[in-house]
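Data first, discussion second: the structure below is written as structure tokens.
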Protein chains: 2
Amino acid sequence: MNMQDELQKIAGEIRDFIAADTFPASISPEYLKDAVTDYPLRGGKRLRPALVLWSCGLLGGDIAKAFPAAAAVEIYHNWTLVHDDIIDDDDYRRGQPTTHCNLGKYAAAVLPGAGREFGRNFAILAGDIQQGWAANTLLKSEEYGVSPAVVLAMSRRLHEQLNCELISGEALDVEFAARDIASVSVAEVEKMLYLKTGALLRFCVEAGASIALNDSSYSDPRLLKLAEFAAQAGVAFQLRDDWLGIFGDAEKLGKPIGADLTERKPTVMLLKAFELLSPSGADELRNLLGSSITPEIIRRARYLLSESGAADYASGRAAELSAQARENLESFPDNCYRKLLSDLLEYLTARSV
Amino acid sequence: MNMQDELQKIAGEIRDFIAADTFPASISPEYLKDAVTDYPLRGGKRLRPALVLWSCGLLGGDIAKAFPAAAAVEIYHNWTLVHDDIIDDDDYRRGQPTTHCNLGKYAAAVLPGAGREFGRNFAILAGDIQQGWAANTLLKSEEYGVSPAVVLAMSRRLHEQLNCELISGEALDVEFAARDIASVSVAEVEKMLYLKTGALLRFCVEAGASIALNDSSYSDPRLLKLAEFAAQAGVAFQLRDDWLGIFGDAEKLGKPIGADLTERKPTVMLLKAFELLSPSGADELRNLLGSSITPEIIRRARYLLSESGAADYASGRAAELSAQARENLESFPDNCYRKLLSDLLEYLTARSV
């Protein structure tokens, strides 16, 4: 099976599943309902649902039972995006206006007394409903033949672990950007990357595994090994993402290079460079932060990050985590789902786009 | 049993239950964890937990089993307050600074790069974690002897019905204030009052009833009757609240009279007055809206609302709903819990404070 073909098939199935759900039907006003369904139906690669389904398949489970969980993680991912986009004050998501921008424009056109915060406020509410929608979709697993004990265990995990971890990750990401960069450590950032990205990937594979194994204790060694795989893949993906943000190709990526420098984002690579550079080199790098990006700034930043060894450090750490993830995956008997997960790992951690 | 004594006892028990919960332990950074536990531990009358426990007791259930559900509705109520306080830009809640104000002050003191939105953004995240905390606490009912089928049914209800209804109610409340007041109808406002307040009270009694009756279908006639009771009590409470906001005693209420006029809030009473007043009376009332409150404005508003019959209409509608709620309650066999619920209804709908 070709991974991209399978991903595309899953994307269609998940979209249909979400579109057919009557959950949003009773939401009013109408434009709030539209805001709730917008991101979940906007598309994206649906990597997280694929992780749920393929983990279930890897362990010999019936992937049809894992469909609600697969749709749930996608809706869950999307509510976090709606709130992140408010927090980061972003205008675009997947090439279209963000939820708070859409709602703000609607209000400006139609509601004479709406203040400037209206779009943000309604987007808070849209994300709040989506969080409930995600939890509800997971509970529907019971209708698809998952035992009540596993449904309850997955739901507990969603709230107790994923929710606390992922939101803590988002909070730390915002906090680091507001702190003096010299006070942030490489270890703190790597932990944040796990929380913000790895925790959800981990939840996905654990859900698939617990369904396949009918394991409500979350203690089967196979489930634990898959959890490690996902956490490692998540951090490796983020390290690669940060590297591409400086050394990637703007045209291939479809976004400008160097935004992390303008935002003074304390990435692993940047913090490592401050550790490794001479005082004068560190001063020069520090002076490149916070300004609008020019080709000369990119050239000097690339030079300092490469010469210091920081770029190699970040790439090397990503490669190390990716290799560990691969080792964990290869401990499972080979089947078509192991091949798909292996291709997905490659795609996440060795991509140039 | 004296209702106020019982309420006080429950308040202490719920506080202890929430304080002992390890759910928030893994949240970082530390000040986000503090924000998550702040409102749930700040107190309040804990009317909603009492509704869960007393409804369970009314139907002969073991109220010890209903404790997680009682704590869950309190945490649930509090996350909605955290987000409402952001949306309404309120500075105080129960006499102390709101969550977003506290977080904003913390950031201003400690984080050099935190922008003015920091407090609001972190309060969004605090409420997001609290929503998960509430759902998780409800799932813990299983550990207290509630059947998995009822736990799953209550949780579905939490997301599918309560979440959509309550958040739609908050959204409509915000929307109405932004619309031309002439375009808002009495029926729309009463529907919003049910959604914003009645829906959660209804969830409370349904949870208590489903635990007592071990009814995962939510179809027992006793459960349905209690649901009506709670929805009616919720709307009657809100109508009374709006009446007190104009005709109440500022000293007894502990808040200024007339804020609804300044905010041009389309209450049932105000909309009814516009229906009933002569064109010149309606013009005068319209001109009183939106300005800072003076004793003269209050005097004229009271006069117009009384003379038009709008004040009596709102009081009468509250009394009617309250009587219907009482009738529903009195269809149950008498026991100490029926007495407590009856006293609570009186307290909610006939209070002067």
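Quick note on labels: first sequence line is chain A, next is B, and so on, each numbered from 1.
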Chain A contact via B:F122 - which portion, at a heavy-atom distance below 4.5 Å: side chain
Given heavy-atom pairs under 4.5 angstrom as the criterion, report whether the side chain, backbone, both or neither of A:L32 touches chain B. side chain
When heavy-atom pairs shorter than 4.5 Å are enumerated against chain A, which of B:A25, B:P29, B:G169 gives the highest number? B:P29
If you tally heavy-atom pairs under 4.5 Å between each of B:V110, B:I86, B:L152 and chain A, the highest tally belongs to B:L152
Answer key: most heavy-atom pairs under 4.5 Å with chain A among B:A177, B:C164, B:A107 is B:C164
For A:P148 and B:P148 the tightest heavy-atom approach is CB-CB, 4.2 Å
How long is the gap from CD1 on A:I167 to CD1 on B:I129, to the nearest 0.5 Å? 4.5 Å
Specify which of B:I87, B:V174, B:L158 makes the most heavy-atom pairs with chain A at under 4.5 Å. B:I87
Once ring-ring contact (aromatic ring centres under 6.0 Å, His included) is applied, do any residues pair with B:F67, and if so which ones, sequence neighbours excluded? none
Check: every donor-acceptor pair under 3.5 Å linking chain A and chain B:
from   : atom 1 : to     : atom 2 : distance (Å)
A:S28  : N      : B:S168 : OG     : 3.0
A:S28  : O      : B:S168 : OG     : 3.1
A:Y31  : OH     : B:E175 : OE1    : 2.7
A:H83  : ND1    : B:D128 : OD1    : 3.1
A:H83  : ND1    : B:D128 : OD2    : 2.7
A:G113 : N      : B:A178 : O      : 2.8
A:E117 : OE1    : B:R120 : NH2    : 3.1
A:R120 : NH2    : B:E117 : OE1    : 3.1
A:R120 : NH2    : B:N121 : OD1    : 3.3
A:N121 : OD1    : B:R120 : NH2    : 3.2
A:D128 : O      : B:Q131 : NE2    : 3.2
A:D128 : O      : B:N163 : ND2    : 3.3
A:D128 : OD1    : B:H83  : ND1    : 3.1
A:D128 : OD2    : B:H83  : ND1    : 2.7
A:Q131 : NE2    : B:D128 : O      : 3.2
A:N136 : OD1    : B:R156 : NE     : 3.2
A:N136 : ND2    : B:E160 : OE2    : 3.0
A:E143 : OE2    : B:R156 : NH1    : 3.0
A:E143 : OE2    : B:R156 : NH2    : 3.1
A:R156 : NE     : B:N136 : OD1    : 3.3
A:R156 : NH1    : B:E143 : OE2    : 3.0
A:R156 : NH2    : B:E143 : OE2    : 3.2
A:E160 : OE2    : B:N136 : ND2    : 3.0
A:N163 : ND2    : B:D128 : O      : 3.3
A:S168 : OG     : B:S28  : N      : 3.0
A:S168 : OG     : B:S28  : O      : 3.1
A:E175 : OE1    : B:Y31  : OH     : 2.7
A:A178 : O      : B:G113 : N      : 2.8

